[in-house]
Amino acid sequence: MIIKGQNLSSPNIDGLKEVYPHITKIDGGIKIEAQELIFDEIVDYLRSRGVKINWLSMKEPSLDDVFLNLTGEEVN
């Protein structure tokens, strides 16, 4: 999941890191990587901390993504 918005500061995302430890900051937003994401939980958490979400994208992993994650190697 990629979220772009205003007020995505460290204090506003620290609580999410307890549930989703693989959060990285990207230009203008954050990227959350997890096998299972609870959309409403994430959005509600951020909104309750004053984050204004401007853009959000979710992508289901492809079989290649899963293979790479499990083996560390790309499919040739």
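For the side chain to side chain contact (heavy atoms under 4.5 Å, CB included) with V51, the qualifying choice from V43, I30, I13, N12 is N12, the only one to do so.
Put simply, CG on D44 and CD1 on I38 are 11.0 Å apart, with the number rounded to the nearest 0.5 Å. Rounding to the nearest 0.5 angstrom, the gap separating the CG atom in L8 from the CD1 atom in I3 is 7.0 Å.
With sequence neighbours left out, S57 forms a side chain to side chain contact (heavy atoms under 4.5 Å, CB included) with W55. In this view, R49 and Y45 satisfy the side chain to side chain donor-acceptor pair (under 3.5 Å) rule, not counting sequence neighbours.
For residues 24-40, every residue pair satisfying the side chain to side chain donor-acceptor pair (under 3.5 Å) rule, not counting sequence neighbours, is listed here: S10-K25.
Nearest heavy-atom pair, L56 versus F39, reported as atom, atom and distance to 0.1 Å: CD2-CE1, 3.3 Å. For the residue pair A34 and L37, the shortest heavy atom distance occurs at CB-CD2, 3.7 Å. Shown here for Y20 and I32, the closest heavy-atom pair between the two residues is CB-CG2, 3.7 Å.
Taken together through direct or relayed side-chain contacts under 4.5 Å among Ile, Leu, Val, Met, Phe, Trp and Tyr, I26 and L46 form parts of separate hydrophobic clusters.
More than 12 heavy atoms of other residues, nucleotides or ligands lie within 6.0 Å of CG in L70, so this atom counts as buried by the packing criterion.
The shortest distance between side-chain heavy atoms of N54 and Q6 falls below 4.5 Å.
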